[in-house]
Amino acid sequence: MDIPRIFTVREADHRIHNPITADKLALLGRALHLEPGMTALDLASGSGEMLCTWARDHGLGGTGVDLCAVFTEQARARAVELGVGDRVRFVHADAAGYVTEPVDLAACVGATWIGGGVAGTVELLARSLRPGGLMLIGEPYWRRPPPDPETVEACEATSVDDWLDLPGQLSQFGDLGYDVVEMVLADQDSWDRYTAAQWFTMRTWLEANPDDELADQVRDELRDEPARYARSTREYVGWGVFALRGR
């Protein structure tokens, strides 16, 4: 039970596995008015940076769940490093269908495939959220309409219908019965720090592992990925974390 190994090669040096910077993550924590003793569930928690830093900065406690064994171990180490190992724990498990006792904050930041999309993930998180609690959803959206199917594919979408534009995404949350009470959006610099940083990591890895079974794939990505990213994802795909309260 794990994710494909290529992801752990690309993002080995990442603490945050989506296009939000540490500064924006801290801004989001402040914007949510988190209080000591609040509890959280973070599904697809990656390397645990959100839970660990919010535990340190706001006294939050809770559980992160992720399918990747490498990232889960990094999250546990990060909790120890920040001195919050007594407040947060990280579980190596499939986040799809994971439900716990009611918490104050239920989050899925950048992995709504665990619920088959936004609507299913909102329903999943609601099963672990106390009445009146906060829900966080991280999701891509179209910054502007892609002009053709080739651009859609280059943005790593299967169809233009995979994502909404920003007004459409905000309206969808309302249609699902939630008020959007905060949001923090990635910008192009955020995308650069997430995506371009992977190229340095991959090149360093390739120099140390030239004969690895993934070496050819990594070489191909280093050759093709920068131009693909610059002409597609960077220009057309937005990304944000949206805070919701049930109506």
Under the rule for side-chain hydrogen bond (donor to acceptor under 3.5 Å, both in side chains), what residues qualify as partners of [X], not counting sequence neighbours?
X	value
Arg78	Glu49, Glu81
Gln217	Glu221
Thr72	none
Ser128	none

Throw together a table of side-chain donor-acceptor distances under 3.5 angstrom for residues 25-42, partners on residues two or more places apart or in other chains.
| from | atom 1 | to | atom 2 | distance (Å) |
| --- | --- | --- | --- | --- |
| Thr39 | OG1 | Asp104 | N | 3.2 |
| Thr39 | OG1 | Asp104 | OD2 | 3.2 |

Nearest 0.5 Å, please: how far is [atom2] in [Y] from [atom1] in [X]?
X	Y	atom1	atom2	result
Asp13	Gln198	CG	CD	10.5 Å
Tyr236	Thr233	OH	OG1	11.0 Å
Trp205	Leu222	CH2	CG	10.0 Å
Arg5	Ile3	CZ	CD1	12.0 Å
Leu214	Asn209	CG	CG	9.5 Å
Leu82	Leu51	CG	CG	11.5 Å

State plainly whether one hydrophobic cluster holds both [X] and [Y], where clusters connect Ile, Leu, Val, Met, Phe, Trp and Tyr through side-chain heavy atoms under 4.5 angstrom apart.
X	Y	result
Val184	Val118	no
Val109	Met183	no
Phe7	Met50	yes
Leu164	Leu166	no
Trp54	Val88	yes

Q. Among pairs that include at least one residue of residues 66-125, which meet ring pair (Phe, Tyr, Trp, His ring centres under 6.0 Å), considering only residues two or more places apart or in two chains?
A.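 Found His17-Phe71.
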(Q) For His14, give me all partners under ring pair (Phe, Tyr, Trp, His ring centres under 6.0 Å), at least two apart in sequence or on another chain. (A)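 In terms of ring pair (Phe, Tyr, Trp, His ring centres under 6.0 Å), with neighbours along the sequence ignored, His14 is linked to Tyr194.
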**Q.** Residue Arg203 excluded, over 12 heavy atoms near CZ under 6.0 Å
**A.**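 Not more than 12 within 6.0 Å, no.
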Residue pair [X] / [Y]: nearest heavy atoms and the distance that separates them:
X	Y	value
Ile114	Ala96	O-CB, 3.3 Å
Ala215	Pro210	CB-O, 3.3 Å
Ala95	Leu124	O-CD2, 3.9 Å
Cys52	Ala75	SG-O, 3.8 Å
Leu125	Ala107	CD2-O, 3.6 Å

Tabulate below the donor-acceptor pairs under 3.5 Å that side-chain atoms of residues 238-247 make, not counting sequence neighbours, or state none.
| from | atom 1 | to | atom 2 | distance (Å) |
| --- | --- | --- | --- | --- |
| Arg245 | NH1 | Gly132 | O | 2.4 |
| Arg247 | NE | Asp179 | OD1 | 2.7 |
| Arg247 | NH1 | Gly174 | O | 3.1 |
| Arg247 | NH2 | Asp179 | OD1 | 3.2 |

Q) Would Thr100 and Arg127 satisfy side-chain hydrogen bond (donor to acceptor under 3.5 Å, both in side chains), going step by step from the backbone distance to the final call? A) CA-CA 8 Å; Thr100 187; Arg127 293 164 63 190; over 6 Å; no
Q) Is the backbone of Leu185 close enough, under 3.5 Å, to the side chain of Lys24 for a donor and an acceptor to pair up by distance? A)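 Such a contact is found between Lys24 side chain and Leu185 backbone.
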Q) Can you check side-chain contact (heavy atoms from CB on, under 4.5 Å) on Val218 and Ile6, steps first, answer last? A) CA-CA 8 Å; Val218 172; Ile6 186 63; 3.8 Å; yes
Q. For residues 147-161, which residue pairs qualify under side chain to side chain donor-acceptor pair (under 3.5 Å), counting only residues two or more places apart or in two chains?
A.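 Output for this query lists Asp148-Thr151, Thr158-Asp162.
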(Q) When you compare the side chains of Thr195 and Arg234, does any donor N or O come within less than 3.5 Å of an acceptor on the partner? (A)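 Checked: Thr195/Arg234 side chains show no N/O donor-acceptor pair below 3.5 Å.
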Q | Full working for side-chain contact (heavy atoms from CB on, under 4.5 Å) between Arg193 and Asp189 | A | CA-CA 6 Å; Arg193 292 306 84 232; Asp189 181 66; 4.2 Å; yes
Can I get a per-line list of side-chain donor-acceptor pairs under 3.5 Å for residues 134-142, giving both atom names and the distance, sequence neighbours left out?
| from | atom 1 | to | atom 2 | distance (Å) |
| --- | --- | --- | --- | --- |
| Glu139 | OE1 | Thr112 | OG1 | 2.8 |
| Trp142 | NE1 | Val160 | O | 2.9 |
| Trp142 | NE1 | Trp163 | O | 3.2 |

Would you list the atom pairs, donor with acceptor, under 3.5 Å between side chains in residues 58-67 and any protein atom, with sequence neighbours excluded?
| from | atom 1 | to | atom 2 | distance (Å) |
| --- | --- | --- | --- | --- |
| Thr63 | OG1 | Arg89 | NE | 3.2 |
| Asp66 | OD1 | Ser45 | N | 3.2 |
| Asp66 | OD1 | Gly46 | N | 2.7 |
| Asp66 | OD2 | Cys68 | N | 2.8 |

Using a 4.5 Å cut-off on heavy atoms from C-beta on, say whether the side chain of [Y] contacts that of [X].
X	Y	result
Ile16	Ser47	no
Thr21	Ser190	yes
Gln188	Arg143	yes

Q. Given Arg130 and Glu101, is the salt bridge (Lys or Arg N to Asp or Glu O under 4.0 Å) satisfied, shown in steps?
A. CA-CA 9 Å; Arg130 69 163 180 80; Glu101 62 184 24; over 6 Å; no
Q: Classify the ring geometry between Tyr229 and Trp199 as parallel (under 30°), tilted (30 to 60°) or perpendicular (over 60°).
A: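 Ring orientation of Tyr229 relative to Trp199: perpendicular.
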Q.
Once salt bridge (charged side-chain N to carboxylate O under 4.0 Å, His left out) is applied, what residue pairs with a partner in residues 90-100 remain, sequence neighbours excluded?
A.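 Output for this query is empty, none listed.
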Q: Output, in order, the C-alpha distance, side-chain angles, deciding distance and verdict of side-chain contact (heavy atoms from CB on, under 4.5 Å) for Arg219 and Met202.
A: CA-CA 8 Å; Arg219 288 189 190 97; Met202 287 193 292; over 6 Å; no
